[in-house]
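Here the structure is a predicted model, which is why all the values come from computation and not from measurement. Letters A, B, ... mirror the listed sequences (proteins, then strands); counts begin at 1.
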Amino acid sequence: MRIATWNVNSLKVRLPHVLDWLAAEKPDALCLQELKMEDKAFPLEALQEAGYQAIFNGQKTYNGVAILSPQPLADPVRDIPGFEDAQKRIIAGTLGDVRIICGYFPNGQAVGSEKFEYKLRWLAALTEWVRAEMAVHPKLVLTGDFNIAPEDRDAHPDWKDEIHVSAPEREAFRALTELGLTDAFRLFEQEERSFSWWDYRMGAFRRNFGLRIDHLLVSEALTGASTACWVDKAPRKLERPSDHAPVVLDLAP
DNA sequence: ATGGCTCATGATATGAGA
């Protein structure tokens with residue numbers, strides 16, 4: 001099974017890239033973030049013509065998440081149950097016996113800001129919900145744009161902002177792993193300075209000035225089945241790219 | 001140098017992203 005995550009920064013603009021990528025990489029599930037569109041604008045027909053179904057949780061202007069898959073996803077959940085939140089950041093579904101949770105984690109803007117506090121509240125609520133989901137679904141993948149670079153090696157050494165690398169954010173990431181989730185990317189040997197996001201400005205991609213903030217966390221029952229995990233930088237090199245690249249996980253059957 | 005680029009919006013400048 002191949003599961004991937006990709007913050008597309010507008011599904012409207014990036015739909016051609018997504019369709020090309022689906023055809024080339026044939027994921028069993030592709031988790032998308034930052035659709036930036038309402039559900040009524042979701043390009044379901046174009047995806048169906050490409051052989052994909054979708055569950056989605058859209059929103060105008062900001063946020064919005066989806067999971068695309070050739071096989072239907074069971075038991076969809078939208079938003080963190082019990083957490084009051086106007087922002088559409090969560091969609092979950094089950095493929096076979098694998099529970100997939102796709103999240104667009106809050107950015108946080110600046111350490112100490114109101115948005116930063118929201119990010120930490122959101123992470124705490126997510127963690128409690130994921131704990132409950134794991135009790136029901138031993139095989140679980142928590143994936144998406146975490147907006148957290150969990151370790152120093154996940155950020156370019158010249159990254160000056162605290163946001164995405166601060167102690168409270170990394171503590172929240174650790175709380176998720178302490179539920180029994182493993183960062184699948186680190187199960188395998190990787191190049192130094194492997195990132196999944198690069199600023200549009202400053203020639204950041206060319207200089208590999210980036211952050212690794214898009215993750216696939218797998219439950220214990222899936223660590224042994226994980227056979228590969230990598231960042232696919234190819235779509236970041238296209239015309240009008242997203243600022244994020246897809247991250248891909250292969251699981252043995 | 002706090003910019004740079006890209007996206008969306010009852011837009012023609014502004015906010016947000018990371």
| query | According to the interplanar angle, ranging from 0 to 90°, do the rings of A:His215 and A:Phe173 count as parallel (below 30°), tilted (30 to 60°) or perpendicular (above 60°)? | reply | perpendicular

| query | How long is the line joining CD of A:Gln87 and P of B:dG17, in whole Å? | reply | 8 Å

| task | Would you indicate, yes or no, if B:dA18 has its OP1 or OP2 atom less than 4.0 angstrom from a side-chain nitrogen or oxygen of A:Asn7? | result | yes

| query | Using 4.0 Å as the upper bound for N to carboxylate O, is an ion pair formed by A:Asp154 and A:Arg186? | reply | yes

| query | Separation of A:Gln59 atom CD from B:dG17 atom C1', in whole Å? | reply | 15 Å

| query | Below 4.5 Å, heavy atoms only, C-beta onward: do A:Phe185 and A:Val231 meet side chain to side chain? | reply | yes

| query | Should A:Leu140 and A:Leu222 count as side-chain neighbours, where that means a heavy-atom distance under 4.5 Å? | reply | no

| message | Using atom P in both nucleotides, what's the gap between B:dA11 and B:dT6 to the nearest angstrom? | response | 23 Å

| task | Round to the nearest Å and state the distance from A:Asp158 atom CG to B:dG4 atom P. | result | 20 Å

| request: Assign each of A:Ser10 and A:His164 to its nearest nucleotide of DNA chain B by heavy atoms, then name whichever residue's nucleotide is nearer the 5' end. | output: A:Ser10

| message | By the 4.0 Å heavy-atom rule, please label A:Phe195 as base, sugar-phosphate, or nothing. | response | nothing

| request: Output the single nucleotide from B:dT6, B:dT9, B:dA18 whose closest atom is nearest the side chain of A:Thr61. | output: B:dT9

Side-chain polar contacts of residues 36-46 of chain A - donor-acceptor pairs under 3.5 angstrom, sequence neighbours left out - could you list them?
from	atom 1	to	atom 2	distance (Å)
A:Lys36	NZ	A:Asn9	OD1	2.8
A:Asp39	OD1	A:Gly58	N	2.6

| query | When the P atoms of B:dA18 and B:dA13 are considered, how many whole Å apart are they? | reply | 26 Å

| query | Side-chain N or O of A:Lys119 less than 4.0 angstrom from OP1 or OP2 on B:dA18? | reply | no

| request: For A:Lys115, answer base if it contacts any base atom (sugar-phosphate contacts may also be present), sugar-phosphate if it contacts only those atoms, and nothing otherwise; contact means non-hydrogen atoms under 4.0 Å. | output: sugar-phosphate

| query | In whole angstrom, what separates A:Glu169's CD from B:dA18's P? | reply | 12 Å

| query | If only side-chain N and O atoms of A:Ser242 are considered, is one of them under 4.0 Å from the OP1 or OP2 phosphate oxygen of B:dT6? | reply | no

| field | Near-strand residues of residues 200-214 of chain A, defined as heavy-atom separation under 4.0 angstrom from DNA chain B | value | A:Tyr200, A:Arg201, A:Met202, A:Leu211, A:Ile213

| query | What nucleic acid atoms does A:Asp199 come within less than 4.0 Å of, heavy atoms only: base, sugar-phosphate, or nothing? | reply | nothing

| message | Measure CG/A:Asn63 against C1'/B:dA18 and give the value in whole Å, please. | response | 14 Å

| field | Interatomic distance, A:Asp161 CG vs B:dT2 C1' [rounded to whole Å] | value | 9 Å

| Tell me: NZ of A:Lys60 to C1' of B:dC7, nearest whole Å? | 15 Å

| message | Just N and O in the side chain of A:His244: are any of them under 4.0 Å from OP1 or OP2 of B:dA18? | response | yes

| task | Output yes when at least one side-chain N/O atom of A:Asn9 is less than 4.0 Å from OP1 or OP2 of B:dT6, else no. | result | no

| request: Could you measure between the two C1' atoms, the one in B:dC5 and the one in B:dG10, and give it in whole Å? | output: 26 Å

| request: Have a look at A:Lys160 and say if it touches a base, only the backbone sugar-phosphate, or nothing, with a 4.0 Å heavy-atom cut-off. | output: nothing

| Parallel under 30°, tilted from 30 to 60°, perpendicular over 60°: which one fits the rings of A:Tyr118 and A:Phe83? | parallel

| task | For nucleotides B:dG4 and B:dT9, find the distance between their C1' atoms and express it as a whole number of Å. | result | 22 Å

| What is the nucleic acid contact for A:Asp145, judged by heavy atoms within less than 4.0 Å: base, sugar-phosphate only, or nothing? | sugar-phosphate

| request: Using the C1' atoms only, state how far B:dC7 lies from B:dT12, rounded to an integer number of Å. | output: 16 Å

| Expressed in whole Å, how much space separates the P atoms belonging to B:dG15 and B:dA1? | 24 Å

| query | A:Gln33 CD to B:dC7 P: how many Å, rounded? | reply | 17 Å

| task | May I ask you to decide if A:Arg240's main-chain N or O and A:Arg14's side chain share a donor-acceptor pair within less than 3.5 Å? | result | yes

| field | Flag, side chain of A:Arg193 to backbone of A:His156, donor-acceptor distance under 3.5 Å | value | no

| said: Between A:Arg89 and A:Asp79, does any side-chain N to carboxylate O distance fall below 4.0 Å? | reply: no

